[in-house]
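Heavy-atom basis, side chains included; hydrogens, waters and symmetry copies ignored. Note on naming: letters A, B, ... go to the chains in the order of the sequence lines (proteins, then strands), and numbering restarts at 1 for each one.
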Number of protein chains: 2
Amino acid sequence: MTVTRGRIDKRQAILAAAFTVFARDGYRQASVDTVAATAGVAKHTIYNHFGDKQSLFREAVGALADDALARNLAAVDLLRPDREPAEALTEVGLRLAECYCDEKSWALRRLLAAEAGSMPELLDIVRDRATDKVNDALADRFARLALAGRLKLTDPAVAAEQFGALLTGPLETRSRLGTRTLPPTELAEVAGNAVQTFLRAFGA
Amino acid sequence: MTVTRGRIDKRQAILAAAFTVFARDGYRQASVDTVAATAGVAKHTIYNHFGDKQSLFREAVGALADDALARNLAAVDLLRPDREPAEALTEVGLRLAECYCDEKSWALRRLLAAEAGSMPELLDIVRDRATDKVNDALADRFARLALAGRLKLTDPAVAAEQFGALLTGPLETRSRLGTRTLPPTELAEVAGNAVQTFLRAFGA
DNA sequence: TCTGATCTGCACTGGTCAGTGCATTCTACT
DNA sequence: AGTAGAATGCACTGACCAGTGCAGATCAGA
């Protein structure tokens, strides 16, 4: 359609294929040839677009972070101050847990951990583009709930940090770093436990 | 001294060097030649002892898990039912946080995450030899405290899971997967926050 | 139809590395 | 002193892979 439409399509296809392959094989193990084959594209095309393997990896990770951000913010957005906290928190907790346990989210975290040593800037990319914003949004909602007298807390940021921890910690352990898929009932159980403890500590 | 003393010493030296190198370079990137050089040993000696690179890695990870287990259990052991829970929990929390933030512990977790896809049995090794036992010990202490009327909780295992999560979650975020070293004051802050929230939820 | 940019297929270089083979040396025990 | 198991040094194979070069195909817009 537009001047560079075909070019943009290739780029997207490459990024998607890249993440798939990196997620499956790991950054080092994955070969650019495999990415090219998966994307249905010549290896040269990849180098034309991204320069080298590392830049391709960075961009693929960034794209995934943007994806994750959108889904997480949509979940947090359900936490409106006029809703009953217990009910709203349970829904938000479950949604966030689902985001966190998404296959691609696990892959992203494993890739980050694997390459944190050699490419520490990756962590900043993901934090700047996703993690921090989700945490801020959650803290903002908590602050509003506190103002409305529906939560008792001194520091909304800490509350957000801990709500997240109560979800992610158990999920990480139980799903074995994402190598085991949790049944929906267990997801709900973890979210329920988190909300229960959170409200015991901070409920009005 | 004994018949195989020299042999055992070599083995230990290799395991220590292996973990150091794997921790620094990652499993794929690390070369057996580098491990041999670091251990001050011929490459052949490594293959004599461990067969191949993967087995060496497994054994090095297992040894680290044993180390970590000992230090974590020592921390949990401070939680005696006759102590004031607030005080004891704070001390235990801080100790556990220190264990968790140990340089080698971070390296171990990063290696696990990196290779979880290709060697899922690693996760079982570490869980069987360390994680599960620490959690069980903690749950056991919580159960005793509840019996003594010093905690109000329905499920000690869930309480232990969540106490751990309140520590590890914030530590993971703040230290950026272990790439940033937390100042002792921040460690204490995280532990303090965790204990405060935990006692708000479960304190008698 | 022409032109320039992009894409493709293929072959190639240079480098790394796991694992092996062999001849030699060391060490501990008898 | 003698012997067997262990350790060493070194050279080598086979495989994998990032990145490049080139010659030709494709497709856009003028």
Side-chain angles (χ1 to χ4, degrees), chain A residues 1-62 111 114-115 117-119 121-122, chain B residues 1-62 111 114-115 117-119 121-122:
Chain A
M1 201 65 74
T2 84
V3 188
T4 49
R5 178 55 186 279
R7 207 167 177 263
I8 287 182
D9 282 352
K10 294 269 180 203
R11 192 186 170 86
Q12 294 302 94
I14 293 170
L15 280 177
F19 189 82
T20 303
V21 175
F22 285 139
R24 192 191 54 214
D25 298 345
Y27 171 65
R28 315 276 170 173
Q29 210 62 6
S31 82
V32 178
D33 295 83
T34 309
V35 174
T38 307
V41 140
K43 184 158 66 157
H44 256 0
T45 308
I46 292 182
Y47 283 98
N48 283 341
H49 277 280
F50 299 99
D52 62 10
K53 189 184 179 186
Q54 212 172 100
S55 306
L56 170 63
F57 184 55
R58 251 189 294 268
E59 299 236 23
V61 164
L111 288 171
E115 304 306 327
S118 56
M119 299 189 252
E121 74 274 15
L122 281 183
Chain B
M1 202 67 74
T2 83
V3 187
T4 49
R5 178 55 187 279
R7 204 163 178 268
I8 287 181
D9 282 351
K10 295 271 179 202
R11 193 186 169 85
Q12 294 301 94
I14 293 170
L15 281 176
F19 190 82
T20 303
V21 174
F22 286 138
R24 192 191 54 212
D25 299 343
Y27 171 66
R28 313 278 169 171
Q29 209 62 7
S31 82
V32 177
D33 296 83
T34 309
V35 174
T38 306
V41 142
K43 184 159 65 158
H44 255 0
T45 308
I46 292 182
Y47 282 98
N48 282 341
H49 277 281
F50 300 99
D52 61 10
K53 189 184 179 186
Q54 213 174 102
S55 307
L56 170 62
F57 184 56
R58 252 190 292 268
E59 298 236 21
V61 164
L111 288 170
E115 304 306 327
S118 56
M119 299 188 253
E121 73 276 17
L122 282 182

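- When each of C:dT8, C:dC17, C:dG19 is scored by its nearest atom to the side-chain atoms of B:K53, the top-ranked nucleotide is C:dG19.
- Proximity of A:T45 to the phosphate of C:dT6: no side-chain N or O atom is located under 4.0 Å from OP1 or OP2.
- Note on B:A36: nothing from the nucleic acid sits closer than 4.0 angstrom, heavy atoms only.
- Residue contacts shown for B:G40 are limited to sugar-phosphate atoms, with no base heavy atom under 4.0 Å away.
- Distance CG (B:N48) to P (C:dC22): 15 Å, rounded to an integer number of Å.
- Note on A:K10: a side-chain N or O is less than 4.0 Å away from OP1 or OP2 of C:dT8.
- Put simply, CD1 on B:I46 is 17 Å from P on D:dA6, counting in whole angstrom units.
- Rounding to whole angstrom units, CZ of residue A:R28 and P of D:dA15 are separated by 24 Å.
- The side-chain heavy atoms of B:N48 and B:K10, taken from C-beta on, include no pair separated by under 4.5 Å.
- Among the heavy atoms of the strands lying under 4.0 Å from A:Q29 are primed sugar atoms or P, OP1, OP2 only; no base atom is included.
- Atom NZ in A:K53 sits 11.0 Å away from atom CD1 in A:I46 (nearest 0.5 Å).
- Between the base of D:dG19 and the side chain of A:K43 there is a donor-acceptor pair shorter than 3.5 Å.
- The aromatic rings of B:Y27 and B:F22 sit tilted relative to each other, their planes meeting at an angle between 30° and 60°.
- Regarding A:L56, its CG atom lies at a distance of 10 Å from the P atom of D:dG19, rounded to whole Å.
- Between the CG atom of A:D52 and the C1' atom of D:dC17 there is a distance of 14 Å, given to the nearest Å.
- The nearest whole Å value for the distance from the OH atom in B:Y47 to the P atom in D:dT13 is 17 Å.
- Counting distance only, with no hydrogens placed and no angle test, the side-chain atoms of A:H44 and the base atoms of D:dC22 include a donor-acceptor pair under 3.5 Å.
- Note: A:H49 NE2 to A:T45 OG1 = 6.5 Å, rounded to the nearest 0.5 Å.
- Atom CZ in A:F50 sits roughly 16 Å away from atom C1' in D:dA18 (whole-Å rounding).
- Separation of atoms CE (B:M119) and CZ (B:R58) is listed at 7.0 Å; rounding is to 0.5 Å.
- Applying the 4.0 Å criterion to OP1 and OP2 of C:dC7, one finds that A:H49 has a side-chain N or O inside that range.
- Atom-to-atom, CG of B:D9 to P of C:dA28 comes out at 11 Å; the value is rounded to the nearest Å.
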